[in-house]
Each structure stands twice: as C-alpha cells, then as structure tokens.
Amino acid sequence: MVILVFFTVTFFRQPKHDVSRLLIALGVFYALRGLFLFFLPIGMPHGAALLAERFIFYPYGTHAYFPGGHFGILMIMALSLVKRWQRLIMIVAVIAFGLGTVLAKTHYTADLLGGGLLAYGIMLWSKKKERLSGGFS
C-alpha cells in the first residue's frame, strides 16, 4: 500500500506524467503475461497455500506465477518515474516486496526475474516508441 501511495504522489507531481504511456505499458505487460501463463504453465511453489485457502479470480490459478504480475506491474510503475532518486526508492521497495513474496513461498525467484525483465523490456520499447513518434497519440 505504501508503494502505491508513494508512486501516485510522485508520478502526478512530476512535470511530465504521461498517463497514456503508463496505461499502454501496463496493458502490454498483462497481454504478454497472459500469453506466458497460457503457453508456459509453471506450477505453484512448494509450500504455497492451496487454492481453496486463497482468493483466486483467474482461470489458471494453479499456475499463474510466471512471470510475476504484481512485481512486473510495480516495476513498470517504478521505471515510469522521471527523477532518479524517486525511481531508485521505488525500485528498492519493489525488490523488497518481491523478496517478501519469495520468502512467503508465493513465488519462485524466476517469477520475479521474468516479471522484472518483461517490465524493463516493455519500458524500453515504450521510451523508444515515444522518441520515434514524439509521444503517444
């Protein structure tokens, strides 16, 4: 929750907050993540809570882990911050969150790496597209 509040305050205070670019990046992330979940069904980590013990609003609840969705979304949000020190604070908080999910046995380390790399790639694509087109229209 603190991560989301920090992001919201800093994102909308920065002079160049491009909501459309952020929403496009988040949409592309979830579309690509959906393909991964469908074609690469990696199961739950050992020791994870059973489906009956947690709320799952997803048809592939038994293997909806790779790439890590929450981690990737938070990483996209972190990388969309303009000021370096704010981006660094957010990235450290996201990594701490990710390590917590590994310690809680709700994700493998590979899930975090996959989500983070996918998010980073999408943000590189987003910035390149913005430079070439002069912004999203």
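All values reported here derive from a predicted model rather than from experimental measurement.
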Under the side chain to side chain contact (heavy atoms under 4.5 Å, CB included) test, residues paired with Val28 that sit two or more places apart: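 If we apply the side chain to side chain contact (heavy atoms under 4.5 Å, CB included) test to Val28, skipping adjacent residues, the hits are Ile24, Leu32, Ile122, Trp125.
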hydrophobic_cluster_shared for Leu124 and Phe71, side chain cutoff 4.5 Å: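 Yes: a chain of side-chain contacts under 4.5 Å links Phe71 to Leu124.
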Same apolar cluster (I L V M F W Y, side chains within < 4.5 Å links), Met123/Leu117: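 No; tracing contacts between hydrophobic side chains, which count when under 4.5 Å, never links both residues.
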Using a 3.5 Å cut-off and no angle test, enumerate the donor-acceptor pairs between side-chain atoms of residues 73-80 and protein atoms at least two apart in sequence or in another chain.
residue: Ser80; atom: OG; partner: Met77; partner atom: O; Å: 2.7

When the side chains of residues 2-12 are checked against the rest of the protein, which donor-acceptor pairs come out under 3.5 Å, sequence neighbours left out?
residue: Thr8; atom: OG1; partner: Leu4; partner atom: O; Å: 2.8
residue: Thr10; atom: OG1; partner: Phe6; partner atom: O; Å: 2.8
residue: Thr10; atom: OG1; partner: Phe7; partner atom: O; Å: 3.2

Main-chain N/O of Gly68 paired to Arg33 side chain as donor or acceptor, under 3.5 Å: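 No; zero donor-acceptor contacts below 3.5 Å.
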From NZ (Lys83) to CZ (Arg13), nearest 0.5 Å: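 CZ of Arg13 is found 9.0 Å from NZ of Lys83.
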Tyr120, OH: over 12 other non-hydrogen atoms inside 6.0 angstrom: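 Counting other residues, nucleotides and ligands, OH of Tyr120 stays at 12 neighbours or fewer.
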Nearest heavy atoms of Ala119 and Gly72, plus distance in Å: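 Scanning both residues, the minimum pair turns out to be CB-O, 3.4 Å.
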Where Phe36 and Pro67 come nearest, the two heavy atoms and their spacing: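 Where Phe36 meets Pro67 most closely, the heavy atoms are CB-CD, 3.4 Å.
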Distance-only donor-acceptor hits, side chain of residues 87-100, under 3.5 Å, sequence neighbours excluded:
residue: Arg87; atom: NH1; partner: Leu81; partner atom: O; Å: 2.9
residue: Arg87; atom: NH1; partner: Val82; partner atom: O; Å: 3.1

